[in-house]
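As C-alpha coordinates, the structure follows; a few thoughts come after it.
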Amino acid sequence: MATHHRRHHHRPSYLAVSLLLPFLLVTLTAGDPFGQSCDTNFNYTANSSYQANMKNLSTTLPKTISSSQKLFATSMIGAVPDVVYALALCRGDTNASTCESCVATAFQDAQELCAFNRGATLFYDPCLLRYSYRNFLAFINGGGDEFIILKPMRNVSTSGNKYQATVAVLDNSNEVLILLNTQNVSAPSKVFDAAVGVLVNATADYAAKADNPRKFGSGVAGFQTFDGQNPRIYGLAQCTPDMAPADCRTCLADVIQAGSKYFSGSQGGRIIGVRCNYRYELYNFLAGSPLLQLPEPDVRAPAPATGGGEFLGHSLQFKNLT
Ligand SMILES: *[C@@H]1O[C@H](CO)[C@@H](O)[C@H](O)[C@H]1NC(C)=O
Ligand SMILES: *[C@@H]1O[C@H](CO)[C@@H](O)[C@H](O)[C@H]1NC(C)=O
Ligand SMILES: *[C@@H]1O[C@H](CO)[C@@H](O)[C@H](O)[C@H]1NC(C)=O
Ligand SMILES: *[C@@H]1O[C@H](CO)[C@@H](O)[C@H](O)[C@H]1NC(C)=O
Ligand SMILES: *[C@@H]1O[C@H](CO)[C@@H](O)[C@H](O)[C@H]1NC(C)=O
Ligand SMILES: *[C@@H]1O[C@H](CO)[C@@H](O)[C@H](O)[C@H]1NC(C)=O
Ligand SMILES: *[C@@H]1O[C@H](CO)[C@@H](O)[C@H](O)[C@H]1NC(C)=O
(Lines give C-alpha, C1' and ligand atoms only; values in the text may rest on other atoms or scores of the structure.)
(Ligands and ions follow the chains in the order given, each with its own letter.)
Protein backbone atom coordinates (compact mmCIF):
# COMPACT_ATOMS: atom_id res chain seq x y z
CA MET A 1 0.00 0.00 0.00
CA ALA A 2 1.31 3.38 -0.88
CA THR A 3 2.25 5.66 1.94
CA HIS A 4 0.46 8.96 1.93
CA HIS A 5 0.32 11.46 4.61
CA ARG A 6 -1.86 14.43 4.69
CA ARG A 7 -2.88 17.11 7.07
CA HIS A 8 -5.39 15.86 9.60
CA HIS A 9 -8.23 18.00 8.34
CA HIS A 10 -7.88 16.30 4.97
CA ARG A 11 -8.22 12.86 6.41
CA PRO A 12 -11.90 12.30 5.56
CA SER A 13 -11.31 12.94 1.87
CA TYR A 14 -8.16 10.87 2.00
CA LEU A 15 -10.14 7.93 3.37
CA ALA A 16 -12.73 8.36 0.67
CA VAL A 17 -10.02 8.36 -1.94
CA SER A 18 -8.28 5.33 -0.53
CA LEU A 19 -11.51 3.32 -0.66
CA LEU A 20 -11.68 4.06 -4.34
CA LEU A 21 -8.04 3.28 -4.92
CA PRO A 22 -8.35 -0.20 -6.37
CA PHE A 23 -10.63 1.18 -9.05
CA LEU A 24 -8.47 4.16 -9.82
CA LEU A 25 -5.29 2.21 -10.31
CA VAL A 26 -4.06 2.78 -13.79
CA THR A 27 -1.30 0.62 -15.10
CA LEU A 28 0.88 2.74 -17.28
CA THR A 29 1.68 0.75 -20.33
CA ALA A 30 3.03 1.62 -23.68
CA GLY A 31 0.24 2.76 -25.95
CA ASP A 32 -0.28 5.67 -23.65
CA PRO A 33 2.64 8.08 -24.00
CA PHE A 34 2.66 10.92 -21.51
CA GLY A 35 4.82 13.16 -23.59
CA GLN A 36 5.55 13.36 -27.27
CA SER A 37 7.27 15.45 -29.85
CA CYS A 38 6.74 15.12 -33.58
CA ASP A 39 9.24 16.74 -35.88
CA THR A 40 6.97 18.06 -38.60
CA ASN A 41 9.69 19.98 -40.42
CA PHE A 42 10.58 17.13 -42.71
CA ASN A 43 8.28 14.31 -43.77
CA TYR A 44 8.60 11.08 -45.69
CA THR A 45 6.15 9.55 -48.12
CA ALA A 46 4.52 6.16 -48.40
CA ASN A 47 6.83 3.49 -49.82
CA SER A 48 9.92 5.68 -49.57
CA SER A 49 13.33 4.40 -48.50
CA TYR A 50 12.90 6.32 -45.26
CA GLN A 51 9.72 4.41 -44.55
CA ALA A 52 11.46 1.13 -45.32
CA ASN A 53 14.20 2.06 -42.87
CA MET A 54 11.59 2.96 -40.26
CA LYS A 55 9.85 -0.37 -40.77
CA ASN A 56 13.13 -2.17 -40.35
CA LEU A 57 13.87 -0.28 -37.15
CA SER A 58 10.43 -0.92 -35.73
CA THR A 59 11.02 -4.66 -35.95
CA THR A 60 14.72 -4.80 -35.12
CA LEU A 61 15.13 -2.21 -32.34
CA PRO A 62 12.67 -3.79 -29.85
CA LYS A 63 14.57 -7.07 -30.22
CA THR A 64 17.97 -5.45 -29.96
CA ILE A 65 17.05 -3.61 -26.79
CA SER A 66 15.43 -6.58 -25.08
CA SER A 67 18.55 -8.65 -25.63
CA SER A 68 20.77 -5.87 -24.32
CA GLN A 69 21.83 -6.17 -20.68
CA LYS A 70 21.66 -2.41 -20.48
CA LEU A 71 18.08 -2.17 -21.77
CA PHE A 72 19.36 0.46 -24.14
CA ALA A 73 19.84 0.54 -27.91
CA THR A 74 20.84 2.98 -30.59
CA SER A 75 20.76 2.48 -34.32
CA MET A 76 21.68 4.21 -37.50
CA ILE A 77 20.16 2.66 -40.60
CA GLY A 78 19.99 3.41 -44.30
CA ALA A 79 22.00 5.54 -46.69
CA VAL A 80 22.08 9.31 -47.14
CA PRO A 81 19.61 11.05 -47.54
CA ASP A 82 17.40 8.46 -45.87
CA VAL A 83 19.40 7.65 -42.76
CA VAL A 84 17.34 7.17 -39.61
CA TYR A 85 18.95 7.58 -36.20
CA ALA A 86 17.18 5.99 -33.28
CA LEU A 87 17.59 5.63 -29.55
CA ALA A 88 15.51 3.59 -27.11
CA LEU A 89 15.92 3.36 -23.35
CA CYS A 90 13.97 1.33 -20.83
CA ARG A 91 13.79 2.01 -17.13
CA GLY A 92 16.61 0.16 -15.45
CA ASP A 93 14.20 -1.79 -13.25
CA THR A 94 12.03 -3.17 -16.06
CA ASN A 95 12.58 -6.62 -17.53
CA ALA A 96 13.35 -7.59 -21.10
CA SER A 97 9.78 -8.44 -22.10
CA THR A 98 8.27 -5.22 -20.71
CA CYS A 99 11.06 -3.32 -22.40
CA GLU A 100 10.61 -4.97 -25.78
CA SER A 101 6.85 -4.48 -25.86
CA CYS A 102 7.14 -0.85 -24.72
CA VAL A 103 9.56 0.01 -27.52
CA ALA A 104 7.52 -1.93 -30.10
CA THR A 105 4.38 -0.06 -29.07
CA ALA A 106 6.25 3.23 -29.16
CA PHE A 107 7.00 2.65 -32.86
CA GLN A 108 3.34 1.80 -33.50
CA ASP A 109 2.15 4.88 -31.63
CA ALA A 110 4.66 7.06 -33.45
CA GLN A 111 3.28 5.91 -36.78
CA GLU A 112 -0.12 7.16 -35.67
CA LEU A 113 0.76 10.19 -33.60
CA CYS A 114 3.56 11.43 -35.86
CA ALA A 115 2.51 9.84 -39.14
CA PHE A 116 5.07 10.42 -41.90
CA ASN A 117 7.15 12.80 -39.78
CA ARG A 118 10.85 12.07 -40.03
CA GLY A 119 11.40 12.54 -36.33
CA ALA A 120 9.53 11.66 -33.16
CA THR A 121 10.13 11.39 -29.44
CA LEU A 122 7.80 9.52 -27.11
CA PHE A 123 7.96 9.10 -23.35
CA TYR A 124 6.26 6.28 -21.45
CA ASP A 125 6.54 4.95 -17.95
CA PRO A 126 8.72 1.94 -18.86
CA CYS A 127 10.59 3.33 -21.88
CA LEU A 128 11.34 6.18 -24.22
CA LEU A 129 11.97 6.28 -27.95
CA ARG A 130 13.47 8.96 -30.14
CA TYR A 131 14.23 8.75 -33.83
CA SER A 132 15.18 11.38 -36.34
CA TYR A 133 16.86 12.11 -39.65
CA ARG A 134 19.19 14.33 -37.60
CA ASN A 135 22.13 12.70 -35.91
CA PHE A 136 21.05 13.48 -32.36
CA LEU A 137 23.02 10.43 -31.22
CA ALA A 138 26.04 12.70 -31.41
CA PHE A 139 24.79 14.69 -28.42
CA ILE A 140 26.20 12.13 -26.09
CA ASN A 141 27.11 14.69 -23.43
CA GLY A 142 23.45 15.33 -22.76
CA GLY A 143 23.21 18.83 -24.20
CA GLY A 144 22.61 20.36 -27.60
CA ASP A 145 19.67 18.27 -28.74
CA GLU A 146 17.29 21.18 -29.07
CA PHE A 147 15.15 19.75 -31.85
CA ILE A 148 12.46 18.45 -29.57
CA ILE A 149 9.33 20.47 -29.02
CA LEU A 150 7.62 18.40 -26.41
CA LYS A 151 3.90 18.30 -25.93
CA PRO A 152 2.56 16.94 -22.65
CA MET A 153 -0.12 14.47 -23.67
CA ARG A 154 -2.15 14.27 -20.53
CA ASN A 155 -2.13 14.73 -16.79
CA VAL A 156 -1.19 11.29 -15.59
CA SER A 157 -2.97 9.42 -12.84
CA THR A 158 -1.28 6.40 -11.32
CA SER A 159 -1.37 4.51 -8.01
CA GLY A 160 -3.99 6.95 -6.79
CA ASN A 161 -1.71 9.92 -7.41
CA LYS A 162 -2.37 12.72 -9.87
CA TYR A 163 0.38 14.34 -11.85
CA GLN A 164 0.34 17.60 -13.68
CA ALA A 165 2.33 17.45 -16.91
CA THR A 166 4.29 20.40 -18.22
CA VAL A 167 7.47 20.96 -20.20
CA ALA A 168 10.53 23.02 -19.42
CA VAL A 169 13.56 24.12 -21.39
CA LEU A 170 16.79 23.56 -19.50
CA ASP A 171 19.79 25.89 -19.60
CA ASN A 172 21.44 23.54 -22.11
CA SER A 173 18.36 24.18 -24.33
CA ASN A 174 17.06 20.61 -24.07
CA GLU A 175 13.36 20.18 -23.44
CA VAL A 176 12.19 17.90 -20.69
CA LEU A 177 8.83 16.62 -19.52
CA ILE A 178 7.85 17.42 -15.95
CA LEU A 179 5.33 15.36 -14.03
CA LEU A 180 4.43 17.01 -10.74
CA ASN A 181 2.67 14.95 -8.09
CA THR A 182 -0.12 17.32 -7.08
CA GLN A 183 -0.21 16.14 -3.44
CA ASN A 184 1.82 18.14 -0.95
CA VAL A 185 3.60 16.83 2.11
CA SER A 186 2.44 17.78 5.58
CA ALA A 187 6.00 17.93 6.89
CA PRO A 188 7.72 21.32 6.65
CA SER A 189 8.65 21.39 3.00
CA LYS A 190 12.22 22.61 3.60
CA VAL A 191 13.01 19.57 5.68
CA PHE A 192 11.30 17.21 3.28
CA ASP A 193 12.95 18.80 0.22
CA ALA A 194 16.35 18.42 1.86
CA ALA A 195 15.70 14.73 2.54
CA VAL A 196 14.58 14.29 -1.07
CA GLY A 197 17.72 16.11 -2.21
CA VAL A 198 19.96 13.73 -0.30
CA LEU A 199 18.21 10.67 -1.71
CA VAL A 200 18.04 11.97 -5.25
CA ASN A 201 21.71 12.99 -5.21
CA ALA A 202 22.70 9.59 -3.87
CA THR A 203 20.78 7.76 -6.61
CA ALA A 204 22.24 10.12 -9.22
CA ASP A 205 25.77 9.42 -7.93
CA TYR A 206 25.02 5.71 -8.06
CA ALA A 207 23.60 5.92 -11.60
CA ALA A 208 26.61 7.86 -12.88
CA LYS A 209 29.25 5.54 -11.42
CA ALA A 210 31.82 4.37 -13.94
CA ASP A 211 31.31 0.72 -12.98
CA ASN A 212 27.51 0.88 -13.39
CA PRO A 213 26.86 -0.23 -16.98
CA ARG A 214 23.09 0.43 -16.83
CA LYS A 215 23.57 3.97 -15.57
CA PHE A 216 20.56 3.42 -13.35
CA GLY A 217 20.18 4.00 -9.66
CA SER A 218 17.29 3.55 -7.26
CA GLY A 219 16.98 4.11 -3.57
CA VAL A 220 14.82 4.42 -0.48
CA ALA A 221 15.24 6.70 2.53
CA GLY A 222 13.41 6.85 5.82
CA PHE A 223 11.82 10.11 6.86
CA GLN A 224 10.36 11.17 10.19
CA THR A 225 7.49 13.63 10.15
CA PHE A 226 6.58 15.71 13.15
CA ASP A 227 3.22 14.04 13.60
CA GLY A 228 5.02 10.79 14.23
CA GLN A 229 4.53 9.25 10.82
CA ASN A 230 7.44 7.49 9.27
CA PRO A 231 7.04 7.36 5.51
CA ARG A 232 9.77 6.40 3.12
CA ILE A 233 10.91 8.25 0.08
CA TYR A 234 11.67 6.25 -3.05
CA GLY A 235 13.79 7.54 -5.88
CA LEU A 236 15.40 6.66 -9.16
CA ALA A 237 17.86 8.29 -11.51
CA GLN A 238 19.01 7.15 -14.93
CA CYS A 239 21.10 8.18 -17.91
CA THR A 240 21.53 6.57 -21.29
CA PRO A 241 24.28 3.99 -20.71
CA ASP A 242 26.48 5.40 -23.48
CA MET A 243 27.16 8.54 -21.46
CA ALA A 244 30.43 9.13 -19.65
CA PRO A 245 30.10 9.21 -15.84
CA ALA A 246 30.74 12.95 -15.58
CA ASP A 247 28.32 13.77 -18.43
CA CYS A 248 25.67 11.57 -16.84
CA ARG A 249 26.09 13.28 -13.47
CA THR A 250 25.92 16.73 -15.08
CA CYS A 251 22.79 15.77 -17.02
CA LEU A 252 21.19 14.55 -13.78
CA ALA A 253 22.31 17.62 -11.83
CA ASP A 254 20.58 19.80 -14.45
CA VAL A 255 17.26 17.97 -14.24
CA ILE A 256 17.43 17.71 -10.45
CA GLN A 257 18.04 21.43 -10.22
CA ALA A 258 15.09 22.08 -12.53
CA GLY A 259 13.01 19.71 -10.40
CA SER A 260 13.81 21.58 -7.20
CA LYS A 261 12.05 24.60 -8.68
CA TYR A 262 8.87 22.66 -9.45
CA PHE A 263 8.67 20.04 -6.73
CA SER A 264 9.23 21.89 -3.46
CA GLY A 265 6.85 20.43 -0.87
CA SER A 266 5.38 18.01 -3.37
CA GLN A 267 5.00 14.33 -2.53
CA GLY A 268 6.60 13.34 -5.79
CA GLY A 269 7.93 14.42 -9.12
CA ARG A 270 9.50 13.15 -12.25
CA ILE A 271 11.53 14.74 -15.01
CA ILE A 272 12.16 12.92 -18.25
CA GLY A 273 14.63 13.95 -20.90
CA VAL A 274 16.02 11.80 -23.68
CA ARG A 275 19.44 11.51 -22.03
CA CYS A 276 18.56 11.39 -18.35
CA ASN A 277 15.61 11.27 -15.99
CA TYR A 278 14.81 11.08 -12.28
CA ARG A 279 11.87 10.58 -9.99
CA TYR A 280 10.94 10.48 -6.33
CA GLU A 281 7.72 9.53 -4.55
CA LEU A 282 6.35 8.71 -1.12
CA TYR A 283 5.18 5.37 -2.43
CA ASN A 284 7.14 2.51 -3.85
CA PHE A 285 6.95 2.75 -7.62
CA LEU A 286 10.07 0.66 -8.19
CA ALA A 287 10.01 -2.77 -9.73
CA GLY A 288 12.32 -4.80 -7.51
CA SER A 289 14.36 -3.80 -4.50
CA PRO A 290 15.90 -0.34 -4.27
CA LEU A 291 19.61 -0.51 -4.97
CA LEU A 292 20.42 1.95 -2.18
CA GLN A 293 19.05 2.13 1.34
CA LEU A 294 19.67 5.43 3.05
CA PRO A 295 19.21 5.74 6.76
CA GLU A 296 16.76 8.26 8.08
CA PRO A 297 18.31 11.66 8.67
CA ASP A 298 17.83 13.19 12.10
CA VAL A 299 16.00 16.48 12.00
CA ARG A 300 16.13 19.15 14.63
CA ALA A 301 13.01 19.30 16.79
CA PRO A 302 10.56 21.77 15.28
CA ALA A 303 10.19 25.15 16.88
CA PRO A 304 6.52 25.10 17.93
CA ALA A 305 5.92 28.71 16.89
CA THR A 306 6.79 28.11 13.23
CA GLY A 307 6.26 24.39 13.05
CA GLY A 308 9.43 24.29 11.06
CA GLY A 309 12.34 21.93 11.55
CA GLU A 310 15.80 22.32 10.24
CA PHE A 311 17.93 19.88 8.47
CA LEU A 312 21.22 19.34 10.19
CA GLY A 313 23.14 19.54 6.96
CA HIS A 314 26.40 17.72 6.60
CA SER A 315 26.74 16.60 10.20
CA LEU A 316 23.63 14.46 9.96
CA GLN A 317 23.02 11.79 12.50
CA PHE A 318 21.58 8.79 10.75
CA LYS A 319 19.19 6.33 12.26
CA ASN A 320 18.80 2.91 10.77
CA LEU A 321 15.73 2.01 8.83
CA THR A 322 13.54 -0.36 10.73
C1 LIG B 1 4.62 17.20 -42.34
O2 LIG B 1 3.39 16.60 -41.97
C3 LIG B 1 2.67 17.35 -41.00
C4 LIG B 1 1.46 16.55 -40.62
O5 LIG B 1 1.89 15.46 -39.85
C6 LIG B 1 2.31 18.72 -41.56
O7 LIG B 1 1.62 19.47 -40.58
C8 LIG B 1 3.56 19.44 -41.95
O9 LIG B 1 3.27 20.67 -42.55
C10 LIG B 1 4.39 18.60 -42.91
N11 LIG B 1 5.67 19.24 -43.09
C12 LIG B 1 6.14 19.57 -44.27
C13 LIG B 1 7.49 20.22 -44.31
O14 LIG B 1 5.52 19.37 -45.30
C1 LIG C 1 2.81 1.61 -51.75
O2 LIG C 1 2.96 0.23 -52.00
C3 LIG C 1 1.74 -0.48 -51.87
C4 LIG C 1 2.07 -1.98 -52.02
O5 LIG C 1 3.05 -2.18 -52.98
C6 LIG C 1 0.76 0.00 -52.92
O7 LIG C 1 -0.47 -0.69 -52.77
C8 LIG C 1 0.53 1.49 -52.69
O9 LIG C 1 -0.32 2.00 -53.73
C10 LIG C 1 1.84 2.25 -52.71
N11 LIG C 1 1.58 3.62 -52.30
C12 LIG C 1 2.15 4.65 -52.91
C13 LIG C 1 1.78 6.01 -52.38
O14 LIG C 1 2.95 4.52 -53.81
C1 LIG D 1 17.19 -4.33 -41.46
O2 LIG D 1 18.40 -3.82 -41.99
C3 LIG D 1 19.50 -4.65 -41.75
C4 LIG D 1 20.78 -3.91 -42.18
O5 LIG D 1 20.52 -3.00 -43.19
C6 LIG D 1 19.29 -5.95 -42.50
O7 LIG D 1 20.39 -6.81 -42.28
C8 LIG D 1 18.03 -6.62 -41.99
O9 LIG D 1 17.76 -7.78 -42.73
C10 LIG D 1 16.85 -5.68 -42.07
N11 LIG D 1 15.74 -6.29 -41.37
C12 LIG D 1 14.49 -6.14 -41.74
C13 LIG D 1 13.45 -6.81 -40.87
O14 LIG D 1 14.15 -5.50 -42.71
C1 LIG E 1 8.24 -8.61 -16.52
O2 LIG E 1 7.60 -7.58 -15.77
C3 LIG E 1 6.19 -7.56 -15.95
C4 LIG E 1 5.65 -6.30 -15.29
O5 LIG E 1 6.24 -6.09 -14.04
C6 LIG E 1 5.60 -8.85 -15.41
O7 LIG E 1 4.21 -8.86 -15.58
C8 LIG E 1 6.22 -10.02 -16.16
O9 LIG E 1 5.76 -11.23 -15.59
C10 LIG E 1 7.74 -9.98 -16.09
N11 LIG E 1 8.26 -10.98 -17.00
C12 LIG E 1 9.28 -11.77 -16.68
C13 LIG E 1 9.72 -12.73 -17.73
O14 LIG E 1 9.84 -11.73 -15.59
C1 LIG F 1 -3.05 19.46 -16.81
O2 LIG F 1 -3.72 20.17 -15.78
C3 LIG F 1 -3.46 21.58 -15.79
C4 LIG F 1 -4.06 22.20 -14.55
O5 LIG F 1 -5.28 21.61 -14.22
C6 LIG F 1 -4.03 22.15 -17.08
O7 LIG F 1 -3.79 23.55 -17.13
C8 LIG F 1 -3.35 21.48 -18.26
O9 LIG F 1 -3.95 21.90 -19.47
C10 LIG F 1 -3.47 19.95 -18.18
N11 LIG F 1 -2.61 19.39 -19.19
C12 LIG F 1 -2.97 18.41 -20.01
C13 LIG F 1 -1.96 17.94 -20.99
O14 LIG F 1 -4.09 17.90 -19.97
C1 LIG G 1 0.32 22.13 -3.02
O2 LIG G 1 1.08 23.31 -2.85
C3 LIG G 1 1.05 24.17 -3.98
C4 LIG G 1 2.06 25.29 -3.76
O5 LIG G 1 2.06 25.72 -2.45
C6 LIG G 1 -0.38 24.69 -4.15
O7 LIG G 1 -0.44 25.54 -5.28
C8 LIG G 1 -1.29 23.47 -4.38
O9 LIG G 1 -2.62 23.90 -4.46
C10 LIG G 1 -1.14 22.47 -3.25
N11 LIG G 1 -1.86 21.25 -3.62
C12 LIG G 1 -2.72 20.64 -2.81
C13 LIG G 1 -3.37 19.40 -3.35
O14 LIG G 1 -2.97 21.04 -1.67
C1 LIG H 1 22.74 17.75 -4.49
O2 LIG H 1 23.79 17.99 -5.39
C3 LIG H 1 23.83 19.32 -5.89
C4 LIG H 1 24.96 19.39 -6.91
O5 LIG H 1 24.72 18.53 -7.96
C6 LIG H 1 24.06 20.29 -4.75
O7 LIG H 1 24.02 21.61 -5.25
C8 LIG H 1 22.95 20.11 -3.72
O9 LIG H 1 23.22 20.93 -2.61
C10 LIG H 1 22.87 18.67 -3.27
N11 LIG H 1 21.73 18.53 -2.38
C12 LIG H 1 21.81 17.91 -1.21
C13 LIG H 1 20.56 17.92 -0.39
O14 LIG H 1 22.81 17.34 -0.83
Side-chain angles (χ1 to χ4, degrees), residues 2-18 20-21 24 26 28 31-38 42-56 58-59 78 82 109 111-118 120-125 128 148-169 175-197 223 225-227 229 231 233 258-273 280-283 306-308:
T3 308
H4 305 264
H5 66 98
R6 305 270 306 261
R7 290 182 177 85
H8 288 285
H9 60 269
H10 284 157
R11 191 133 298 159
S13 63
Y14 167 58
L15 285 175
V17 167
S18 66
L20 287 171
L21 258 179
L24 293 176
V26 176
L28 283 179
D32 218 0
F34 43 58
Q36 74 169 64
S37 165
C38 302
F42 193 16
N43 298 330
Y44 62 87
T45 52
N47 301 342
S48 60
S49 305
Y50 200 87
Q51 186 180 50
N53 292 335
M54 283 297 307
K55 282 198 169 138
N56 183 315
S58 67
T59 55
D82 292 304
D109 287 352
Q111 269 147 49
E112 267 179 44
L113 298 168
C114 305
F116 298 112
N117 301 150
R118 287 201 185 210
T121 304
L122 295 100
F123 294 152
Y124 299 83
D125 183 32
L128 61 86
I148 301 176
I149 312 292
L150 274 172
K151 192 166 83 174
M153 293 300 285
R154 63 202 167 83
N155 288 324
V156 180
S157 193
T158 183
S159 301
N161 288 248
K162 288 200 176 117
Y163 297 82
Q164 199 168 305
T166 48
V167 296
V169 183
E175 282 205 11
V176 293
L177 182 72
I178 295 175
L179 293 170
L180 165 74
N181 187 323
T182 55
Q183 293 301 316
N184 297 323
V185 289
S186 59
S189 49
K190 261 192 187 166
V191 179
F192 181 73
D193 294 347
V196 168
F223 183 72
T225 64
F226 299 122
D227 52 5
Q229 297 187 53
I233 314 169
S260 67
K261 288 184 206 141
Y262 289 85
F263 302 152
S264 179
S266 165
Q267 286 191 10
R270 183 174 191 177
I271 298 198
I272 313 175
Y280 78 91
E281 301 286 355
L282 276 176
Y283 65 92
T306 62

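All ligand and atom numbering here is 1-based and tracks the order in the structure. Quick note: residue numbers are just sequence positions, from 1.
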(message) Is it the case that the side chains of N181 and E281 hold a donor-acceptor pair, with the cut-off being a distance below 3.5 Å and no angle test?
(response) yes

(request) Considering heavy atoms of the protein only, find what lies nearest to atom 3 (C) of ligand 5 and give residue, atom and distance to 0.1 Å. (result) N155 ND2, 3.6 Å

(request) Quick one: look up the protein heavy atom nearest atom 10 (C) of ligand 2 and list residue, atom name and how far away it is. (result) N47 ND2, 2.3 Å

(request) Could you grab the distance from atom CZ of F34 to atom CG of L150, nearest 0.5 Å is fine? (result) 11.5 Å

(request) Starting at OG1 of T158, measure out to OH of Y283 and round the result to the nearest 0.5 Å. (result) 5.0 Å

(message) Does any part of the side chain of E175, heavy atoms only, come nearer than 4.5 Å to the side chain of S37, both counted from C-beta?
(response) no

(request) Flag atom 7 (O) of ligand 2 as yes if some protein heavy-atom distance to it falls below 4.0 Å, otherwise no. (result) no

(request) Nearest heavy atom to atom 13 (C) of ligand 6 wins, so pick from T182, N181, L180. (result) T182

(request) Give the atoms of ligand 6, by number and element, whose distance to some non-hydrogen atom of N184 is under 4.0 Å. (result) 1 (C), 2 (O), 3 (C), 8 (C), 10 (C), 11 (N), 12 (C), 14 (O)

(request) Test the R118-Y50 pair against the cation-pi criterion, namely NZ or CZ under 6.0 angstrom from the six-membered ring centroid and within 45° of the ring axis. (result) yes

